[in-house]
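Here the structure comes first, spelled out in structure tokens, and everything after it is commentary.
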Amino acid sequence: MTGVQNLKAVRGNFLDVTRTISHPEEIESALRFIEDGLLLISEGKVVWFGSWEEGKSRIPETIRVRDYRGKLIVPGFIDTHIHYPQSEMVGAYGEQLLEWLNKHTFPTERRYKDPEYAREMASFFLKQLLRNGTTTALVFGTVHPESANALFEAASNINMRMIAGKVMMDRNAPEWLLDDAESSYLESKALIERWHKNRRLLYAITPRFAPTSTPEQLAMAQRLRQEYPDTWVHTHLCENKDEIAWVKELFPERKNYLDVYHHYGLTGKNSVFAHCIHLEEEEWDCLHDTDSTIAFCPTSNLYLGSGLFNLQKAWRKKIKVGIGTDIGAGTTFNMLQTLNEAYKVMQLQGYRLSAYEAFYLATLGGAHSLGLDSYIGNFDIGKEADFVVLEPTATPLQQLRYDNSVSLMDKLFVMITLGDDRSIYRTYIDGQLVYERT
Ligand SMILES: [Zn+2]
């Protein structure tokens, strides 16, 4: 390929999904597997993708080919719901949502007022994402703008595509962790001005959840959304039954929990609601009608005993779903492990989550759920070159099981069931190698 700047060539077996789907039955026809393929990258974008035989003549002699034959190269994983200031409290024992917040989460999040601490933890957090093959995430900060600044700075250093925001929270939490309606508006606005669309970074207006915002603050969130209609909204919805009862007490004038957000203009395309376990029929319909997104967080939902998300119903209602790890109520940063738990959550409801469907949700489906599928999610020409090299046989058990797998579906399913961070051999962001397993 001549006239192309800084060309990079990557060889190996590639798997991706070529188009978004509206029903899991469509997945096999949308799947693309290239055994011995070639990916050419320039300036962080895919410039050519196909078979090695067809493409090898395009590689100038001076270019070193990164040869990953024997591995599986897939688009970077997309985590649609995660809290970076909760890494240090994963595995906090014994509580369900509301007690867990008071006992563990709020005291931990208090530390992020210190910019130095926030920087240290932002760096730790990003390293965890990379070693788990996650190349894009939708991330909660704390109430402190310092937390969001630290995370955006760290992500900007590797030109990561990330969406994040500072929490808006002006009631029902300890006083030392509250903003107010006005300050939350001004601080969010300053962060949007500084970071939204700054390189690959994007901003999410982030009210923690309805119980910790006054109506005045939700009105301010609405004002932000009106002033910056291309930002995201990121919050929680219908995770826990006590939480739902509390929202009904706090907002008796609203029809249901989601109606609180809907009333303040916070539903819509690029509005992401984590959990959605105990939805009323009208809430399902409202999510569909407003083109909102659900983040399905299986490890968190099991860990906090919140309940089982009904993925099958989301497909039926034609609502976009992405997968979230929800660290620190979730118990892993790893998308393979998260999909493994998703499979079990669906088993308990009599639904068979296929390896391909799971893979879709973690890649192109996740990108679509965040409104980013024209930038990331597969290897189409022009897409941003974020990808992961998976090692299917990282442990003796994986090797044994892999040798006893006949189909691609089986191999992928085994990787989801037995995989973890050892399965992540290399991670690339923006065409650059950012993680190497040692
Ligand atoms: Zn969460």
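Please read these numbers as outputs of a predicted model, since none were measured by experiment. Counting starts at 1 for both ligands and their atoms, in listed order.
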For this session: Return the set of residues passing side chain to side chain donor-acceptor pair (under 3.5 Å) with Lys103 (not counting sequence neighbours), or none when no residue passes.
Result: Glu95
Seminar exercise, completed: Within less than 2.8 Å of the Zn ion (ligand 1), the count of protein N, O or S atoms comes to 4
Problem set entry | Within residues 372-382 or reaching into it, pairs that qualify as salt bridge (charged side-chain N to carboxylate O under 4.0 Å, His left out) - sequence neighbours excluded |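 Applying salt bridge (charged side-chain N to carboxylate O under 4.0 Å, His left out) to every pair that reaches into residues 372-382, excluding sequence neighbours, yields Arg32-Asp380.
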Exercise. Would you say Glu25 has more than 12 foreign heavy atoms packed within less than 6.0 Å of its CD?
Worked result: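 No, the 6.0 Å shell around CD holds no more than 12 heavy atoms from other groups.
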For this session: Just jot down the side chain to side chain contact (heavy atoms under 4.5 Å, CB included) partners of Ala221, sequence neighbours excluded, or say none.
Result: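 Once residues adjacent in sequence are excluded, the partners of Ala221 under the side chain to side chain contact (heavy atoms under 4.5 Å, CB included) criterion are Met168, Ile205, Leu266.
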Exercise. Does His196 use its side chain to pair, donor to acceptor, with the backbone of Tyr203 at less than 3.5 Å?
Worked result: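 Answer holds: yes.
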Exercise. Would you say the ring centroid of Phe140 lies under 6.0 angstrom from that of His81?
Worked result: yes
